[in-house]
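Letters A, B, ... mirror the listed sequences (proteins, then strands); counts begin at 1.
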Amino acid sequence: RNLLPEDARTPPETRGMDAKSVTPGAVALILANPTPESPDDVPEIVVQVLDLKPIGSRFTFMASDGEAKVKAILSTHFASEVHSGKLQNLGLVRILNYTCNDIPQKTDKMVIITKCEVVSQALDAEIKSEVKIEEPAALMKPKEEAAVLSKPIGGAPAAIMLKPRHDVKSASQIVSEQRGNAAPAARLAMTRRVHPLISLNPYQGNWVIKVRVTSKGNLRSYRNARGEGHVFNVELTDEDGTQIQATMFNEPAKKFYPVFELGKVYYISKGSLRIANKQFKTVQNDYEMTLNENAVVEEAEGESFIPPVQYNFVKIDMLGPYVGGRELVDIIGVVQSVSPTLSIRRKIDNESIPKRDIVVADDSNKTVTISLWNDLATTVGEELLDMVDSAPIIAVKSLKVSDFQGVSVSTVGKSTLVINPELPETEKLRAWYESEGKGTALASVGAGMGASNAGGLRSMYSDRVFLSHITSDPNLGQDKPVFFSLYANISNIKPDQTMWYRACTTCNKKVTEALGSGFWCEGCQKNYEQCSLRCTSW
DNA sequence: CCCCCCCC
């Protein structure tokens with residue numbers, strides 16, 4: 001392990017906002033010490049930010065010391081610094097902790113910055129040093145690192161002496177030592193450095209992560225064309241807030257199901273990573289993890305707590321694009337009504353499942369029906385029924401959006417519901433409800449669509465339209481009416497070739513709007529309150 | 001390798 005001697009480091013008290021330039025040789029310093037154990041092992045490193053750009057929810061840039069450059073990626077939690085304008089392109093940042101993403105057979109190194117501070121906002125130009133240096137020490141193989149001597153560059157520390165590390169113990173080492181009876185494999189894993197989740201990749205398997213179980217799925221069995229088996233998923237979150245989904249199959253699924261507990265913290269090693277299928281992604285990570293029988297999972301004791309749930313609330317009037325999709329949504333709203341519990345018989349196996357419908361409203365001035373299932377229907381639903389008169393606010397995580405009644409939502413196995421959550425949104429909603437919502441007759445988000453579609457084509461979004469209960473499916477032919485809803489991109493609909501008209505829900509013939517209300521159907525010779533929307537071509 | 005999640 002490569003470390004700077006104490007006197008080569010800049011004392012923390014001199015690390016201020018006063019640095020006006022980069023640390024000469026900074027890139028070489030980083031690459032010579034690719035995985036510092038803690039911020040104490042990181043010398044003064046100030047780099048200039050070049051080519052700052054977003055990649056997904058994160059930002060990358062080229063970290064420049066005026067001479068050499070290295071690709072850098074900022075942990076997700078620095079995104080706000082960029083958005084706020086504090087961290088700017090051409091600005092200076094002091095790197096306080098980092099880890100290098102070491103992909104074998106790849107020459108381009110990447111520094112993952114886990115801690116940094118802004119030293120200066122954008123300078124006028126890119127800093128370019130006149131000094132030429134030779135190959136950075138970085139290109140050496142790990143075994144050769146032990147005796148690196150860095151070159152004196154400008155005003156940089158004269159010599160970078162390296163010493164074996166024995167002075168700083170990582171938390172995992174301490175835990176490891178306290179647990180002398182751990183399995184040898186586990187103990188070995190523990191003595192290694194804890195990697196930030198963001199640094200993991202499919203090409204390098206030698207890591208240990210320290211993560212909290214922030215979602216635990218059921219141990220399910222499945223049967224399909226490829227065979228049958230058992231499967232079990234967890235969502236893991238590290239201290240940077242990076243998340244990954246881990247999957248176990250068959251024996252490992254059974255083995256680890258009782259090991260992983262919601263809210264507990266674990267050291268994990270010897271898992272494998274693969275590119276996550278975008279279609280089924282439940283967390284923000286390009287990769288997903290598989291744990292097989294060789295995986296090492298060790299609880300970090302004394303660190304258990306139920307983490308604050310991270311919500312991504314969708315306003316009720318914005319549920320449309322999620323209809324029929326796989327993406328689950330979170331909703332926060334005021335409970336307006338709670339139905340009795342019903343027993344629903346599942347078609348596939350005749351099993352009875354308790355269900356309860358509740359109606360919630362939010363400050364988009366819309367309501368939506370939420371179907372609660374199982375425990376959420378019985379226990380939680382009963383609690384809601386008891387307090388419905390006080391208009392409780394609920395936060396529901398992981399809801400499936402369907403087109404029933406135009407738009408409605410339903411809990412799934414992993415859904416959670418919190419009554420009167422301590423969130424800023426709760427206060428906002430309460431204020432809205434008291435001042436406005438309570439005294440207003442709010443419409444269901446699905447009203448005017450679905451069975452009660454009387455309004456024709458509704459354009460809710462700039463790039464798409466919501467069509468509900470179209471009575472002709474172009475795949476089935478005009479004469480075979482079906483009922484379905486969809487969101488279609490406007491670009492897929494050719495306005496000049498498309499005729500929209502209102503059709504009778506009974507005979508599917510064109511109807512005319514009746515005087516007063518409803519629709520007159522010539523075919524039925526009857527007045528209807530509802531009609532459907534039909535299109536003659538796609 | 002799952003990715004289903006119930007009923008109208």
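- No engagement by A:Asp349 is indicated, since no non-hydrogen atom pair under 4.0 Å with the nucleic acid exists.
- Contact between A:Pro392 and A:Leu384 at its shortest, heavy atoms only, is CG-CD2, 4.2 Å.
- Taking atom CG on A:Asn224 and atom C1' on B:dC3, their separation rounds to 11 Å, with Å as the unit.
- Taking the side chain of A:Phe280 as heavy atoms from C-beta on, and the options B:dC3, B:dC7, B:dC1, the nearest nucleotide is B:dC3.
- The nearest whole Å value for the distance from the NZ atom in A:Lys216 to the C1' atom in B:dC2 is 17 Å.
- Minimum atom distance to the side chain of A:Val412 is reached by B:dC5, of the listed B:dC5, B:dC2, B:dC7.
- At whole-Å resolution of the value, CG in A:Asn218 and C1' in B:dC3 are 14 Å apart.
- Here the P atom of nucleotide B:dC8 and the NZ atom of A:Lys355 are 9 Å apart, to the nearest Å.
- Considering all non-hydrogen atoms of both residues, A:Thr369 and A:Gln405 come closest at OG1-OE1, 3.9 Å.
- Side chain of A:Arg346, nearest nucleotide from B:dC7, B:dC3, B:dC6: B:dC6.
- Residue A:Lys315 is tested with A:Asp362, A:Asp363, A:Asn365 for a side-chain hydrogen bond (donor to acceptor under 3.5 Å, both in side chains); the sole match is A:Asp363.
- Note on A:Ser415: nothing from the nucleic acid sits closer than 4.0 angstrom, heavy atoms only.
- Residue contacts for A:Gly229: at a heavy-atom cut-off of 4.0 Å it reaches no nucleic acid atom on any strand shown.
- Distance from the side chain of A:Phe404 is smallest for B:dC8 among the nucleotides B:dC2, B:dC6, B:dC8.
- Heavy atoms of A:Arg220 sit under 4.0 angstrom from at least one base atom.
- Heavy atoms of other residues, nucleotides or ligands lying less than 6.0 angstrom from CD of A:Glu434 number more than 12.
- Put simply, A:Thr411 has no side-chain N or O that comes within less than 4.0 Å of OP1 or OP2 on B:dC5.
- With rounding to whole Å, A:Phe249 atom CZ is found 9 Å from B:dC3 atom C1'.
- As rounded to whole Å, 14 Å separates atom C1' of B:dC3 from atom CD of A:Glu327.
- The nucleotide whose nearest atom lies closest to any side-chain atom of A:Arg226 is, among B:dC1, B:dC3, B:dC7, B:dC1.
- The pair A:Lys281-A:Glu288 does not meet the salt-bridge criterion, since no charged nitrogen lies less than 4.0 angstrom from a carboxylate oxygen.
- In this model, the phosphate group of B:dC6 is approached by a side-chain N or O of A:Lys400 to a distance below 4.0 Å at OP1 or OP2.
- The interatomic distance linking A:Leu372 (CG) with B:dC7 (P) rounds to 16 Å, in whole Å.
- Atoms CD (A:Glu288) and C1' (B:dC2) sit 9 Å apart, rounded to a whole Å.
- In this structure, A:Asn374 reaches the bases: a heavy-atom distance under 4.0 Å links it to at least one base atom across the strands shown.
- Side-chain N/O atoms of A:Gln245 and base N/O atoms of B:dC2 include no donor-acceptor pair closer than 3.5 Å.
- Taking the six-membered ring for Trp and thresholds of 30 and 60 degrees, A:Phe260 and A:Phe232 have ring planes inclined between 30 and 60 degrees apart.
- Distance from the side chain of A:Lys347 is smallest to B:dC7 among B:dC1, B:dC7, B:dC6.
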